[in-house]
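For reference, the structure discussed in these notes is given below.
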Amino acid sequence: ADIERFEARMAELSPPEQVQERFKDEVQKLQVLEQGSPEYGVTRNYLDWLTQVPWGIHSEDHFDLAEARRILDRDHDGLDDVKSRIIEFLAEGTFKGEVSGSILLLVGPPGVGKTSIGRSVADALGRDFYRFSVGGMRDEAEIKGHRRTYIGAMPGKFVQALKDTGVSNPVIMLDEIDKIGASYQGDPASALLETLDPEQNREFLDHYLDVRMDLSKVLFVCTANQLDTIPRPLLDRMDVIRLSGYIAEEKVAIAKHHLLPRLLKRAGLKKKQLNITDAALKQVIDGYAREAGVRNLEKHLHKIIRKGIVKLLEGPDTPIKVGVADLATYLGQPIFRKEKSLKGTGVVTGLAWTAMGGATLSIEASRIHSSQRGFKLTGQLGDVMRESAEIAYSYVSSNLKRFKGDQTFFDKSFVHLHVPEGATPKDGPSAGVTMATALLSIARKEAPQHNIAMTGELTLTGQVLPVGGIREKVIAARRQRISNLILPEANRGDYEELPDYLKEGLSVNFAKHYNDVFQVCF
Ligand code: ATP
Ligand code: MG
């Protein structure tokens, strides 16, 4: 009975010759084996897998750019540049007649829509979608399968993907490619490289199936939070598309058009039964969900809806309206306070860029005592950041005359420099100018201009060098309603390239040398 089932399946497929031969061999083997023996089970399992790979079955791609644009717009607000990149990518595919051979990498902080964009790409092409996470994968066998001699051997994820989707050309999304482990069981990263590489994956060999399989028609879409930890050879083969996070206005639109309707529908509520005012929505974003993505926002909206349902059930049957004043009862006290614009001597706002997106970071300097000279640093700083603190200290203490500070200040001061949110490790050189400004502020005993945020690497001679993540940093500043920025002169191009809605209302000073920063701050 087993054999008939396998043969029936095989008849529906058009497997390559090698597979047909292997199939015959294994069927013969099964015929002579005693039913119920362990070997019988192993062989039957093998045949079961072999006949479930969709050999020769492909779905046909839709190449309709207008339709693709419609799908992308239907599922996502904002993200104009990302959508254009996707359309360009599909246009190229239309021209060639196929999209395979490229690997897309969507990179950005959590909850900004990477998975969702990937799904839309599959939708637009009319392809099946399969997703799995490679984050923390430590065993090459998860990618390439176990050899059949293993007890409980299984094929790898790619064979499973084809089996589940039933086509040889699905869109396969590999999540968290930046977190792939270097391991003790082979090297998953190099196995992955081999699998994704269009030159090699035509002949992909899963250890379990042990026959060549063509993965070259699969469209691979990877996602990551950052690029730094992705193995270089892998990164070189990918088309990188950045998603950098949302400003408050975009989040309002996303909440109204996507998150709320979906949550209400899931809860079985009608739109008119529960209404959140625009002002309340803004306050949820400002007070409770300030991160780059929208996942936290979604959670808070969910919470409001849950509590709203209780009210609907307990109270009179009147529609619920949630206004700003009601938020505390639904969500508790806001996590983020209203514009407490940081001011004071020794306090300066810097702009940072991490895997979580852009963030503002207030750096504090304080004189602890005057009996000896010295300097200490806290806040989970990486080596590069410690070095830039030392550079800032040296630069400021040797240039006090020029900046009209008390010239003997550092000779009789023990100074403490702190970068708050001590629980998050941080690194990178881009806080150089911020730390220098904090130190200068205490030496001058004068608070710097407040409502300014800055970023830039500082050298020992006071040059200001370019830094990464300008877009993310600008978005972070906007989220905190900071409208004055100091950026390195060498990043002027990066800033100017930004879309107008991000630049609107900002006043930016570009600094070549620390002198320029000084002019703005004091
Ligand atoms: P992670 O890195 O954590 O996997 P992600 O970038 O893959 O995050 P998604 O899961 O795609 O994030 O998005 C989180 C939620 O926010 C989803 O419900 C998604 O539909 C929604 N979302 C994100 N961006 C947008 C957008 N621009 N328009 C509409 N909905 C969005
Ligand atoms: Mg995701």
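In each ligand, atom 1 is the first atom listed, and ligand 1 is the first ligand listed. This is a predicted model, so every value here is computed, not measured.
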Hey, can you pull the donor-acceptor pairs under 3.5 Å for the side chains in residues 294-310, sequence neighbours left out?
unit_1	atom_1	unit_2	atom_2	d
H300	ND1	N296	O	3.0
K307	NZ	Y330	O	3.4

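Protein residues with any heavy atom under 4.0 Å from ligand 1: D75, H76, D77, L79, P110, G111, V112, G113, K114, T115, S116, N225, Y246, I254, H258, R262, V294, R295, E298.
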Next on the checklist: As a quick check of understanding, evaluate side-chain contact (heavy atoms from CB on, under 4.5 Å) for E291 and R479, giving each step before the final call.
Outcome noted: CA-CA 9 Å; E291 81 287 355; R479 277 206 300 270; 5.7 Å; no
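For the pair D61 and R127, the salt-bridge criterion is met [side-chain N within less than 4.0 Å of a carboxylate O].
Judged purely by distance below 3.5 Å, without hydrogens or angles, the side chains of S102 and D239 never pair a donor atom with an acceptor atom. With no hydrogens or angles considered, no side-chain donor-acceptor pair links D48 and N45 at under 3.5 Å. Counting only N and O atoms by type, the side chains of E457 and S430 include no donor and acceptor under 3.5 Å apart. Between T195 and N201, the side chains place no donor N or O within less than 3.5 Å of an acceptor N or O (distance only, hydrogens not considered).
Interatomic distance, E387 CD to L377 CG, rounded to the nearest 0.5 Å: 11.5 Å.
In this structure H207 satisfies the ring pair (Phe, Tyr, Trp, His ring centres under 6.0 Å) test with no other residue, sequence neighbours excluded.
For the Mg ion (ligand 2), the nearby protein N/O/S atoms, meaning those under 2.8 Å, are T115 OG1.
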